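Since this is a predicted model, take the numbers as computed values, not measurements.
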Protein chains: 2
Amino acid sequence: MPPRNRALARPDPTEMADSQRAEFGSRLKELRRARGWTLAQLAERSGLAVSTISKAERGLMSLTYDRMLSLARGIGVDMAEFFTAEGAVFAPGSFAVAPKGVFQKQETRNYVYEMLFPEIRNKAMVPMMGTLKAHDLMDFDDFVRHPGQEFLLVLEGAVTVFAEGKAPVLLRQGDSLYFDSSRGHLYASAGAVDARILVVCTEVEGGA
Amino acid sequence: MPPRNRALARPDPTEMADSQRAEFGSRLKELRRARGWTLAQLAERSGLAVSTISKAERGLMSLTYDRMLSLARGIGVDMAEFFTAEGAVFAPGSFAVAPKGVFQKQETRNYVYEMLFPEIRNKAMVPMMGTLKAHDLMDFDDFVRHPGQEFLLVLEGAVTVFAEGKAPVLLRQGDSLYFDSSRGHLYASAGAVDARILVVCTEVEGGA
DNA sequence: GAGGAATTTTTCCGATACGAAAATTAATTG
DNA sequence: CAATTAATTTTCGTATCGGAAAAATTCCTC
């Protein structure tokens, strides 16, 4: 940081910059964490050094334009994303790219799902990529219910859909489903191997 | 975690940054000139040196976060203002083509898409399967705009996304996109072969 | 076109960002 | 809890940024 003793009575560039820089760092860390990445992983994607990102996230360093751009590209967002006010609702004109493998991950006993675009809040739709593990018949969870509507597309493998009050339905690769998600529902891989699915839900009010 | 695949070339931070930096510089100069200020006047307001601003405007230097923040304050704009492409008005004559009504299959010169679940009315989401034909570069249609939000997933092949005010984005199999569909947009197969995509839009008001 | 003032660009050197590797802390496993 | 591994932070040398002033350019006014 530059010295704070300046004779001239003009605005000091360093004044008040520290808190802003810390906020930028927090935003950067938030974007990284939302994707479940370590410093090393972001370093790999952006081409920067781990130490540089570490210092930037904690506001200990003032990144140059070039490094900020590298980070934006590594993360897959526009530069403006770093500076949009927190609480980032779905802003008019939003445009986000999710390269394969960029998501927030959740894992249950027989289901791994990864939310796409975790950084966008208040989306009208919530797209998720999921892997249904090959299962024991014992392993079923309870029906899931939530207000709204749901779309399912089978990307790989085959899926059995159990829906409350319906006979089980078998969906093969390329098949899809659209239904009221307040009806209890449950997915399972139909084969002995894992299945890959895409699920899109309507946003749940007040939900996570 | 095992070491990441080093076969993939690690991004070079300095590569391709120059043009972006030049664009930033132009934007900076544009903001200054729009106010009728000289370098010295902006230097006075921001607390930076004239030489620094001069070099930054011409893309000869990569400003640090702190100096960028000082400039934003001196000019009286938000940081994001530096990165939001503003003037980007183009495609005169293009207008929003909303998928109104219930259809099953539509075919244009280089795009075939099928609406899934046409029998369900008033869906919150409208999922569509599409095939982007390999194209001539001449074959592009106009931008499409419609109120709401849109989700795109590349199932097979690769897709180039043209969005108004954005640089073209290349999406490969498994990549996805989420954006405000009132921003003009257009998809094209990126390769010499057809591409398969899934598109989910929010329902359009007044439709069906 | 010549002089002169205003503005921009270049030069030079001290201050700071940046990356590689060491040191520390956190997480995981037996 | 010790041992091991993963993840983050700190250290330190080098490359680059950034400011003051000189040099060059552009813009007047006559």
Side-chain angles (χ1 to χ4, degrees), chain A residues 1-15 17-18 20-22 24-26 28-74 82 105 107, chain B residues 1-4 6 9-15 17-18 20-22 24-26 28-74:
Chain A
M1 253 166 284
R4 290 176 168 278
N5 53 347
R6 186 188 295 268
L8 295 173
R10 55 155 90 164
D12 183 341
T14 68
E15 212 162 79
D18 289 19
Q20 288 294 319
R21 211 164 54 193
F24 168 83
S26 300
L28 174 59
K29 187 171 187 174
E30 179 187 345
L31 289 168
R32 175 174 66 85
R33 282 280 173 81
R35 288 160 176 75
W37 293 348
T38 65
L39 289 171
Q41 286 173 314
L42 180 53
E44 177 73 17
R45 287 171 179 267
S46 62
L48 303 197
V50 167
S51 57
T52 300
I53 305 173
S54 170
K55 280 177 277 195
E57 283 188 348
R58 288 172 295 145
L60 301 181
M61 191 170 72
S62 178
L63 287 180
T64 59
Y65 174 89
D66 285 4
R67 311 302 152 174
M68 288 171 48
L69 183 63
S70 295
L71 284 171
R73 288 183 168 167
F82 289 136
K105 188 175 263 188
E107 188 159 358
Chain B
M1 184 174 295
R4 297 189 66 86
R6 283 309 308 268
R10 190 178 182 189
D12 182 345
T14 64
E15 210 165 82
D18 289 17
Q20 288 293 321
R21 210 165 54 193
F24 168 83
S26 299
L28 174 59
K29 187 170 185 173
E30 180 187 345
L31 289 168
R32 176 174 66 85
R33 282 280 172 81
R35 288 161 177 72
W37 295 346
T38 65
L39 288 172
Q41 284 172 312
L42 180 52
E44 178 71 18
R45 287 170 178 267
S46 63
L48 303 196
V50 167
S51 58
T52 301
I53 305 173
S54 171
K55 281 177 277 193
E57 282 188 348
R58 287 172 296 146
L60 301 181
M61 191 169 73
S62 178
L63 287 180
T64 59
Y65 174 89
D66 285 3
R67 310 301 152 180
M68 287 171 50
L69 183 63
S70 295
L71 284 172
R73 290 187 168 164

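Closest to the side chain of R67(A), out of dC18(C), dT9(D), dA21(D), is dC18(C). Side-chain proximity of S62(B) to the nucleotides dC17(D), dG18(D), dT8(C) is greatest for dC17(D). When each of dA17(C), dG18(D), dT9(D) is scored by its nearest atom to the side-chain atoms of T52(B), the top-ranked nucleotide is dG18(D). Checking dT9(D), dT9(C), dG19(C) against every side-chain atom of A49(A), the shortest atom distance belongs to dG19(C). Minimum atom distance to the side chain of K55(B) is reached by dG19(D), of the listed dC18(C), dG19(D), dT8(C).
If you find the closest nucleotide of DNA chain D to V50(B) and to L60(B), the one lying nearer the 5' end belongs to L60(B). Residue whose closest nucleotide on DNA chain D sits further toward the 5' end, between T64(A) and E57(A): E57(A).
Note that the CZ atom of R58(A) and the CG atom of L28(A) stand 12.0 Å from one another [nearest 0.5 Å]. Note that CG of L39(A) is 12.0 Å distant from NZ of K55(A), once rounded to the nearest 0.5 Å.
Residue contacts for T38(A): at a heavy-atom cut-off of 4.0 Å it reaches the sugar-phosphate backbone alone, with no base atom in range.
Protein atom CE of M61(B) is 16 Å distant from nucleotide atom P of dT8(C), rounded to whole Å. Between M68(B) atom CE and dG18(D) atom P there is a gap of 10 Å when expressed in whole angstrom units. Regarding L63(B), its CG atom lies at a distance of 13 Å from the P atom of dA17(C), rounded to whole Å.
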Exercise. Go through the steps for T52(B) and L63(B) under the test side-chain contact (heavy atoms from CB on, under 4.5 Å), then give the verdict.
Key: CA-CA 8 Å; T52(B) 301; L63(B) 287 180; 3.7 Å; yes
Practice problem: Let me see the working for R67(B) and L71(B) under side-chain contact (heavy atoms from CB on, under 4.5 Å), right down to the final yes or no. | Solution: CA-CA 6 Å; R67(B) 310 301 152 180; L71(B) 284 172; 5.6 Å; no
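Ring geometry, Y65(B) versus F24(A): the interplanar angle falls from 30° to 60°, so the pair is classed tilted.
The base of dG18(D) is not paired with the side chain of S51(B) by any donor and acceptor separated by under 3.5 Å.
A side-chain contact (heavy atoms from CB on, under 4.5 Å) with L42(B) is found for exactly one of I53(B), L48(B), L31(B), namely I53(B).
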Pairs under 3.5 Å (N/O, protein and nucleotides 25-29 of chain D):
none

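The two residues V50(A) and A43(A) make their nearest non-hydrogen contact at CG2-CB, 3.8 Å.
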